[in-house]
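If you read the sequence from its start, that first residue is 1, and numbering goes on from there. Worth knowing before you read on, the calculation uses all heavy atoms, side chains too, and leaves out hydrogens, waters and symmetry mates.
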Amino acid sequence: MEKVIGIDLGTTNSCVAIVENGTPVVIPNRGGYKTTPSMVAVTEAGKRLVGHIAKRQAITNAENTVYAAKRLIGRKWNSPQVKNAVATSSYRIVEGPHNDVRIVLRDKEFSVPEISAMVLQEMKVIAEDYLGETVAKAVVTVPAYFNDNQRQATKDAGEIAGLDVIRIINEPTAAALSYGFGRNIEKTVAVYDFGGGTFDISILEIGAHGVFKVIATAGDTFLGGEDIDARIIDWLVSGFKEEHGIDLRQDRMALQRLKDAAEKAKCELSSVRETEVNLPFIISSGRNEALHLQRTLTRQTLEELSDDLIERTVDICKQTLEDAKLGKDEIEEVVLVGGMTRMPKIQQSVQSFFEKEPNKGVHPDEVVALGAAIQGAALVDDKQEMVLLDVTPHALGIMTFGSYFEELIPQNTTVPTHRTKIFTTSRDNQTAVKILVMQGESQRAEENELLGEFILTGLRRAPKGQIEIEVTFEINADGIVSVRAKDLETGLEQSIQVTATSGLTREEIKTMMDNAKDDLVDRRTSEEFEAAKQEAEKLIGEIEKLFPQVQQIVASSDFGRDAIEKAKAIVDKARAAIERKDAAAVKEQIEGLTRTHRMFKGVVAKT
């Protein structure tokens, strides 16, 4: 059976999992960590770095290190969230050619799906190293409240990374799959998912025989741990400005150090009552005097700084319960997901709202990837008894006369589904109608996302309101939206399959795929060389340690002197191959080095 990996592409960290022998397991990276920072950097030499290695150099290379790219994926340049990121990020964000977002690293522009693809490719490599075989298929998770363009951008990122993304599923749904897997339970569950960049709440019914039905979902795709970090940074910056009259935000390296310190302090305050933020030599004053930042942050201050953000999540939970037409007492279990749910204040707020202690039995950082892996296995294994019924997170409809939004498929409708509505012409003698397909919750069409448009022509000239147009929306199990408009008088019909866009053309995606492949080949070659180099250098060191003893032992023998000359030649060749960075040549010399080492050890052992 073909292996399908599950990937949680997170804002702060990413995680990859697989189902092995019926059991979902998280795959550790080379450092043994179960999660990998979702960070990408480009060095001065033009080398790409991903994960822990990118995070380690972030302070010294702040302008060329990207974090939290997920918050920008699939967004338009003119959105308020992008404007916020432009103002607060240590890396450069610019407008792309299709009103999309681009990130500048070492004077080269990268699209956001391209940056996310580098993280996904890292997850692919981690899985392949673990499994010892190529992986082609993946299930990737996204926040439940992502719109179609954000989902498509994530799918494009997978394609650029060399993955066939066979399904995109919602993060809380994936967490519920992991929570309910193999337990044969029947419960109504709320999944509260507060991660690094996004917040989601989903209410599900877990039924017998592996049926998972989402009743309602909601969230905020720009509300997460990053925002709490930002509050800590503001607190540190304002305190420093009051004391020294200097705005630390003007220095990119200082800003990155502040970000690191804020994240560290936030994490520490989940287990201690206070922590010290100590950043020596943070900046120089106008008199070239080195200034230091030192402040004590208490848990109470952190809770005061982030209180309104936590309250926003509770308000969303309240609305979602109303949408699901359920009372708090009907929720049998509240499952906490995402790194931010380690914060005591968040746990208290969730317990206070739902009036029950939340379940902490799942690993907040790993549960989403495990659920994605379970879904992946179910999609390729007919024996798996599991049915997942998800909902559309946003309403779908069309723009009507006066720029109003007419909803056809309400938010939280179970998919697959279809809905039909009859409209009439809005002008006298109208011979064509333009159908603008939109997604969102606002009554004003311009405040919603335009997904596509088409024109139905050939209408009979008649006074307004007399010609009836039947509009049908259909969503299949993969979330693909089709819209059809039909003139009921003549039977004339026009339709469109709505294709969400990430802002990239097919040509751009193809070029990015080729670049990603080339980069992976370079990386594999570099890793191959480093491994061979380490082995060769170890053998050379061992041989050189034995040289003096062997020379003494065989000094009187011509045969011995010949063997030593040959050994020196092998060592010289190996050194030259290392100097040239020729992996194949180094590998070739390892055999000779191994023989020489064995022979030298044998000679010494006999004396």
Side-chain angles (χ1 to χ4, degrees), residues 11 143-146 170-180 185-206 212-231 266-267 269-271 299-365 367-368 371 390-391 393-394 411-412 441:
T11 306
Y145 219 53
F146 258 20
N170 295 333
E171 287 160 8
T173 308
L177 288 179
S178 182
Y179 164 79
I185 55 173
E186 293 184 41
K187 277 185 177 179
T188 302
V189 175
V191 179
Y192 177 99
D193 183 354
F194 199 169
T198 59
F199 170 73
D200 284 313
I201 173 75
S202 286
I203 297 168
L204 303 95
E205 282 177 359
I206 302 176
F212 293 78
K213 184 183 179 185
V214 181
I215 304 167
T217 195
D220 188 328
T221 56
F222 218 83
L223 172 59
E226 291 278 335
D227 300 288
I228 292 176
D229 292 350
R231 294 291 174 85
K266 176 189 70 180
C267 294
L269 289 172
S270 289
S271 53
R299 186 185 289 181
Q300 184 183 343
T301 301
L302 173 62
E303 289 173 356
E304 287 167 3
L305 291 171
S306 54
D307 186 61
D308 63 310
L309 299 174
I310 297 167
E311 200 52 44
R312 259 165 70 191
T313 73
V314 173
D315 290 343
I316 294 168
C317 291
K318 185 180 178 184
Q319 184 59 53
T320 308
L321 270 181
E322 289 175 14
D323 293 343
K325 296 180 174 59
L326 291 172
K328 296 176 192 178
D329 57 322
E330 292 175 89
I331 303 295
E332 295 165 84
E333 196 88 82
V334 182
V335 181
L336 297 181
V337 179
M340 282 313 306
T341 59
R342 290 188 176 90
M343 187 172 170
K345 172 70 174 174
I346 289 173
Q347 294 176 7
Q348 290 159 17
S349 297
V350 172
Q351 184 168 342
S352 172
F353 174 74
F354 284 101
E355 297 170 3
K356 56 176 61 62
E357 190 171 347
N359 180 306
K360 300 171 198 167
V362 298
H363 195 295
D365 301 326
V367 64
V368 171
D390 217 329
V391 297
H394 297 279
Q411 180 186 20
N412 292 320
E441 278 65 58

*Straight-line distance of S202 OG to E171 CD, nearest 0.5 Å*: 10.0 Å
*Got K266 and S306 here, is their nearest side-chain heavy-atom distance under 4.5 Å?*
no
*State, to 0.1 Å, how close C317 and F353 come at their nearest heavy-atom pair, and which atoms those are.*
CB-CE2, 3.7 Å
*Mark yes or no for whether E332, through its side chain, and T188, through its backbone, hold a donor-acceptor pair below 3.5 Å.*
yes
*Y145: what forms a ring-ring contact (aromatic ring centres under 6.0 Å, His included) with it, not counting sequence neighbours?*
H394
*asked:* Going by side-chain hydrogen bond (donor to acceptor under 3.5 Å, both in side chains), name the residues that satisfy it together with N412, two or more places apart in sequence or in a different chain.
replied: none
*Please report the shortest heavy-atom distance between P143 and D200, naming the atom on each side.*
CA-OD2, 3.1 Å
*Is the backbone of I310 close enough, under 3.5 Å, to the side chain of T313 for a donor and an acceptor to pair up by distance?*
yes
*Nearest 0.5 Å, what's the CZ-CZ distance between F194 and R312?*
8.5 Å
*Which residues satisfy the side-chain hydrogen bond (donor to acceptor under 3.5 Å, both in side chains) test with T221, sequence neighbours excluded?*
R75
_Non-neighbouring partners of D329 that pass side-chain hydrogen bond (donor to acceptor under 3.5 Å, both in side chains), sequence neighbours left out_ = none
*Nearest heavy-atom pair of A175 and V367: which atoms, and what distance?*
O-CG2, 3.7 Å
_Checking D307 now: which residues fulfil salt bridge (Lys or Arg N to Asp or Glu O under 4.0 Å) with it, not counting sequence neighbours?_
K345
*Examine distances only and state if a side-chain atom of T217 and a backbone atom of I201 form a donor-acceptor pair shorter than 3.5 Å.*
yes
_Minimum heavy-atom distance between A144 and P393, given as atom pair plus value_ = O-CB, 3.0 Å
*asked:* Taking salt bridge (Lys or Arg N to Asp or Glu O under 4.0 Å) as the definition, give me every residue that meets it alongside D365, ordered by chain and number, with sequence neighbours left out.
replied: R342
_side chain to side chain contact (heavy atoms under 4.5 Å, CB included), paired with L321, selected from I331, I215, I316_ = I331
*Within-4.5 Å side-chain heavy-atom neighbours: L305 and I228*: no
*Quick one: do the Q319 and D315 side chains pair a donor with an acceptor below 3.5 Å?*
no
_Taking salt bridge (Lys or Arg N to Asp or Glu O under 4.0 Å) as the cut-off, I'd like each qualifying pair that reaches into residues 189-198, sequence neighbours left out, listed once._
none
*Is there a side-chain contact between M340 and I346, using heavy atoms and a 4.5 Å cut-off?*
yes
*Please list, chain by chain and in numerical order, all residues satisfying salt bridge (Lys or Arg N to Asp or Glu O under 4.0 Å) with K328, sequence neighbours excluded.*
E355
*Compute whether any side-chain donor of one residue and acceptor of the other, for T341 and Y192, lie under 3.5 angstrom apart.*
no
*For D227 and G224, which heavy atoms make the closest approach, and how far apart are they?*
OD2-N, 2.7 Å
_By salt bridge (Lys or Arg N to Asp or Glu O under 4.0 Å) - contacts of E333 (at least two apart)_ = K187
*Ignoring hydrogens and angles, tell me if any N or O in the side chain of E330 forms a donor-acceptor pair with the backbone of G327 under 3.5 Å.*
yes
*asked:* Restricting to side chain to side chain contact (heavy atoms under 4.5 Å, CB included), what partner residues turn up for D390, sequence neighbours left out?
replied: N170, T173, V214
*Could you state the interatomic distance from CG (D323) to CD (Q411), rounded to the nearest 0.5 Å?*
5.5 Å
*Does a salt bridge link R231 with D308, judged by any charged N lying under 4.0 Å from a carboxylate O?*
yes
*Measure across P364 and V337 and return the closest heavy-atom pair with its distance rounded to 0.1 Å.*
O-CG1, 4.0 Å
_K356, NZ: over 12 other non-hydrogen atoms inside 6.0 angstrom_ = yes
*Straight-line distance of R299 CZ to E303 CD, nearest 0.5 Å*: 6.5 Å
_Applying side-chain hydrogen bond (donor to acceptor under 3.5 Å, both in side chains), can you list everything that pairs with E322, at least two apart in sequence or on another chain?_
none
_Suppose we screen for ring-ring contact (aromatic ring centres under 6.0 Å, His included). Which residues come up paired with Y179, at least two apart in sequence or across chains?_
none
_Side chains of Q347 and Q351: any donor to acceptor distance under 3.5 Å?_
no
